[in-house]
*Asks:* 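The following block contains the structure, expressed as structure tokens.
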Amino acid sequence: MNTEENNHLSPSQQRAKDALAGLDTPKADPAFRARLKQDFVDGELQSRLPAAPLRPWYFRVAVPLAAAAVLVLMVGLLNRGPAWTLVEGEGNATIDGVSVSLSDPDAVRALLHGGSKVEIAEDSRAYFKQGGIVMAELHGGTTVSLPNAPGRWFNPRMEGTIEAGSVGWITGPRFPGSHLVLNTPESIIEVTGTCFKLMCTPEGTCLCVLEGEVRAECRKGNIDMVSGGHRKTMFSDGSKSDLGDILESSHTDLVGLAAMAEKEMGK
Amino acid sequence: MTPEAQDSHSKSAPVSASTDEARWSREELEGVRRRDPEALERFFERIFDQIYGLAFRLLSDHPAAEDATQEVFLKIHRAAHRIDPDRNPTPWVLTITTNVCRDLFRSSGHKMSKAAVSIDEEPEWGASLLRETTTPEGELLRKESQKMVQEAIRRLPEALREVIVLHDYQGLGHQEIAEIVGASYSAIRKRYSRALSALGEILEDTWE
């Protein structure tokens with residue numbers, strides 16, 4: 001025992017030292033000692049240690065992969081935006097080749113999804129909405145591929161196509177952050193929050209904007225920002241596009257659509 | 001154990017460990033290096049009590065001390081070929097033991113197994129700690145008091161517990177302890193003083 005540091009101990013420290021000095025030498029279980037000695041001498045010690053459970057490699061790989069897949073799936077499902085629903089309609093439509101009455105919302109809902117090709121019969125009309133994000137008024141004779149649902153957190157882009165006819169669009173209170181792109185044969189329309197109408201005829205596409213501002217790109221020409229109260233007509237023969245005041249008929253339709261949207265989606 | 005700890009045997013200066021009453025002969029250690037069964041047996045006999053005793057004092061638990069001792073002998077066997085026959089292997093062995101016990105003490109299993117242990121239920125035993133007695137009753141009290149001291153050691157923070165056990169149980173000097181735990185001489189001196197004070201306070205609280 002070293003005594004180099006035992007000087008000047010306090011009573012408490014001395015008590016501790018005395019207590020330690022009174023300790024016996026711990027005795028191991030003789031059977032344990034004998035077993036360990038034999039194994040140490042024989043070199044068998046390794047085999048006495050409990051082996052770590054070794055899982056097959058595919059288990060170690062498969063579990064993290066499965067967990068990652070489930071996580072991706074859950075995030076994907078949670079990220080999905082609202083589905084399209086029929087708000088109001090009259091007449092008939094064909095959705096992805098299936099005829100359906102526009103007075104049967106359940107039948108329509110069962111067929112609708114982002115990317116559905118919807119053909120509205122002549123003398124028919126339908127209002128569709130996608131949660132509080134966007135509402136569309138489809139007039140008779142319109143053929144449209146509905147935009148997909150935007151992601152809640154990522155991939156906020158919605159893209160649809162209008163092949164023919166007239167469609168009024170209005171964005172809702174949940175639209176901010178989303179990005180709507182509409183394709184017509186003559187143009188690409190990009191929307192960041194507004195109310196407008198697109199009319200597609202064999203001669204071209206007419207864009208009428210009631211509120212906000214819409215970026216209108218002619219496939220064969222220039223790009224314009226069309227603001228509320230104005231229109232832009234883009235011709236299929238490549239003629240120079242025409243800018244002017246909003247058409248009276250479009251104004252009337254869009255005011256009606258805005259009122260409907262306010263009722264259905266809120267301000 | 002880290003390779004550094006394993007190699008500390010060959011790097012450190014020869015240490016005259018206080019508990020080594022007889023010097024290790026070069027032939028003995030050469031035999032251990034070759035894992036000669038007879039040399040291993042002699043080595044085991046000389047070192048077992050030190051390893052087990054240190055492990056028990058650090059872990060305060062016989063099953064845990066057995067686990068630690070087994071782990072230490074496994075490490076010794078694996079690293080036997082690295083033993084320097086010209087140096088005392090005891091500091092190296094004590095370093096391995098301290099490190100193994102440190103790992104074991106930090107493991108959740110050991111903490112859980114010790115969580116239910118309390119000496120507060122029998123405080124009256126403490127007063128008889130230093131009492132010399134030869135009666136059966138006195139012997140029982142002495143053993144229980146030893147349990148209380150051991151429990152007080154267990155309550156010390158790890159760094160203090162190591163120093164106090166290596167010093168007062170293993171009989172090592174501050175310099176030897178400094179080499180084993182990887183700290184400076186002055187740090188070990190201060191740590192030892194703090195450890196004694198802390199142990200004294202715990203014992204005082206226990207016996208009151």
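We name chains A, B, ... by the order of the sequence lines, and we start the count at 1 in each one. This is a predicted model, so every value here is computed, not measured. Only this structure's heavy atoms are used, side chains among them; waters, hydrogens and symmetry mates stay out.
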*Asks:* If only atom types and distance count, is the side chain of B/Arg34 paired as donor or acceptor with the main-chain N or O of B/Ala39 below 3.5 Å?
*Replies:*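 Flag not set: sc B/Arg34 to bb B/Ala39 has no pair under 3.5 Å.
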*Asks:* Given the options B/Ala55, B/Ser197, B/Gly53, B/Ala65, which has more heavy-atom pairs under 4.5 Å with chain A than any of the others?
*Replies:* B/Ser197
*Asks:* Between A/Glu159 and A/Arg157 (salt bridge meaning N to carboxylate O under 4.0 Å), is one present in this structure?
*Replies:* yes
*Asks:* Do you know which of B/Ile164, B/Thr69, B/Ile76 has the most heavy-atom pairs under 4.5 Å to chain A?
*Replies:*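 Of B/Ile164, B/Thr69, B/Ile76, B/Thr69 has the most heavy-atom pairs under 4.5 Å with chain A.
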*Asks:* Pick whichever of A/Leu23, A/Val41, A/Thr25 has the most heavy-atom pairs under 4.5 Å with chain B.
*Replies:*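 The residue among A/Leu23, A/Val41, A/Thr25 with the greatest pair count is A/Leu23.
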*Asks:* Could you check whether any side-chain heavy atom of B/Pro91 comes within less than 4.5 Å of a side-chain heavy atom of B/Glu176, counting everything from C-beta outward?
*Replies:* no
*Asks:* Fit a plane to each ring of B/His62 and B/Phe56, take the angle between them on a 0 to 90° scale, and name the class: parallel (under 30°), tilted (30 to 60°) or perpendicular (over 60°).
*Replies:* parallel
*Asks:* So for B/Glu45, is it side chain, backbone, both, or neither that comes closer than 4.5 Å to the heavy atoms of chain A?
*Replies:*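 Contact with chain A is through both the backbone and side chain of B/Glu45.
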*Asks:* So, does A/Arg33 use its side chain to make a donor-acceptor pair with the main chain of A/Ala28 at under 3.5 Å?
*Replies:* no
*Asks:* Most heavy-atom pairs under 4.5 angstrom with chain A, which of B/His77, B/Arg35, B/Gln150, B/Arg57?
*Replies:*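 Greatest number of close heavy-atom pairs with chain A: B/Arg57.
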